[in-house]
*Asks:* 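My structure is below; once you've seen it, I'll send some questions.
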Amino acid sequence: MMRRFMLSACAGATCLVAGALFAQEAPRLTGPEPFTKESPAPPMQRQVTDDVRRKRNYPDQPPLIPHAIEGYALDLNANKCLACHARKFTEQSQAPMISVTHYQDREGNTLGGVSPRRYSCLACHVPQTGAKPLVPNTFVDMDALVEREPRGR
């Protein structure tokens, strides 16, 4: 009898918590109403192409691309990004070398060339634009968080 009561109480508490969580308003991306109505796509944002490196928001953030990349070839035989950023071309191009982690396989073994799993640069690196966030964003840079910490902890 007591066990049934406890199970019912736990189930009821779970439902209350889940209901409270689902009731919270979260930012949503919404399209036209009704959703079947077609609307023109928003214009493409202009890329920032000033070749100035941007500060990263967190230590492992992939660097943003500060230059135009339209027309860059990326297929099995060609990767235009590597024509400047591969280790053997950086002296001539003066472009930053890709991270040494890109020359490692999943087990951490160092390879003679770029790891196939790191070959598609745009899987992680993106061009910078002046686009406004699609939903409200309260992200705070970790340096700002550290500065807020009281000293002497």
*Asks:* What pairs of donor and acceptor atoms, side-chain ones from residues 34-41 against any protein atom, are under 3.5 angstrom apart with sequence neighbours left out?
*Replies:*
none

*Asks:* Between Ser93 and Cys84, what is the shortest heavy-atom contact and its length?
*Replies:*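 That closest heavy-atom pairing would be OG-O, 2.8 Å.
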
*Asks:* Can you name the residues that form a salt bridge (Lys or Arg N to Asp or Glu O under 4.0 Å) with Arg54, not counting sequence neighbours?
*Replies:*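 Only Asp50 meet the salt bridge (Lys or Arg N to Asp or Glu O under 4.0 Å) criterion with Arg54.
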
*Asks:* Can you list every salt bridge (Lys or Arg N to Asp or Glu O under 4.0 Å) pair that touches residues 85-96, not counting sequence neighbours?
*Replies:*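 Residue pairs passing salt bridge (Lys or Arg N to Asp or Glu O under 4.0 Å), neighbours aside: none found.
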
*Asks:* List the atom pairs, with distances to 0.1 Å, where a side-chain N or O of residues 58-69 and a protein N or O form a donor-acceptor pair under 3.5 Å, not counting sequence neighbours.
*Replies:*
from  : atom 1 : to    : atom 2 : distance (Å)
Gln61 : OE1    : Asn57 : N      : 2.5

*Asks:* List, by chain and number, the other hydrophobic cluster members for Leu82, where Ile, Leu, Val, Met, Phe, Trp and Tyr join if side-chain heavy atoms come within less than 4.5 Å, directly or indirectly.
*Replies:*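 Its cluster partners, ordered by chain and number, are Leu74, Ile98, Tyr103, Val114, Tyr119.
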
*Asks:* Partners of Val100 by side chain to side chain contact (heavy atoms under 4.5 Å, CB included), sequence neighbours excluded?
*Replies:*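 Met97.
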
*Asks:* Between His85 and Pro96, what is the shortest heavy-atom contact and its length?
*Replies:*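 Shortest heavy-atom contact: ND1-O, 2.7 Å.
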
*Asks:* With heavy-atom distances below 4.5 Å as the criterion, would you say the side chains of Glu70 and Gln47 are in contact?
*Replies:*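 Yes - at least one pair of side-chain heavy atoms lies under 4.5 Å apart.
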
*Asks:* Using 0.5 Å steps for rounding, measure from the CZ atom of Arg118 to the OG atom of Ser99.
*Replies:*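 OG of Ser99 is found 7.0 Å from CZ of Arg118.
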
*Asks:* Under 3.5 Å, which donor-acceptor pairs link side chains of residues 129-141 to any protein atom two or more places apart or in another chain?
*Replies:*
from   : atom 1 : to     : atom 2 : distance (Å)
Thr129 : OG1    : Ala131 : N      : 3.2
Asn137 : OD1    : Phe139 : N      : 2.7
Asp141 : OD2    : Asp143 : N      : 2.8

*Asks:* Quick one: side chain to side chain contact (heavy atoms under 4.5 Å, CB included) partners of Asn77, sequence neighbours excluded?
*Replies:*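 So Asn77 forms a side chain to side chain contact (heavy atoms under 4.5 Å, CB included) with Asp75.
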
*Asks:* To which residues is Val52 joined in a hydrophobic cluster, defined by side-chain heavy-atom contacts under 4.5 Å among Ile, Leu, Val, Met, Phe, Trp and Tyr, whether direct or through other members?
*Replies:*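 Traced through the cluster, Val52 reaches no other member.
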
*Asks:* Under the side chain to side chain contact (heavy atoms under 4.5 Å, CB included) rule, collect the residues that match up with Glu107, sequence neighbours excluded.
*Replies:*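 Here the qualifying residues are Asp105, Asn109.
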
*Asks:* Can you measure from NE2 (His102) to SG (Cys124) and round to the nearest 0.5 angstrom?
*Replies:*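 SG of Cys124 is found 6.5 Å from NE2 of His102.
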
*Asks:* Holding to side chain to side chain donor-acceptor pair (under 3.5 Å), I want the full list of residues that pass it with Thr90, two or more places apart in sequence or in another chain.
*Replies:*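 Once residues adjacent in sequence are excluded, Thr90 has no partner under the side chain to side chain donor-acceptor pair (under 3.5 Å) criterion.
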
*Asks:* Report the residues that fulfil side chain to side chain donor-acceptor pair (under 3.5 Å) with Gln128, sequence neighbours left out, ordered by chain and then residue number.
*Replies:*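 By the side chain to side chain donor-acceptor pair (under 3.5 Å) rule, Gln128 matches no residue at all.
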
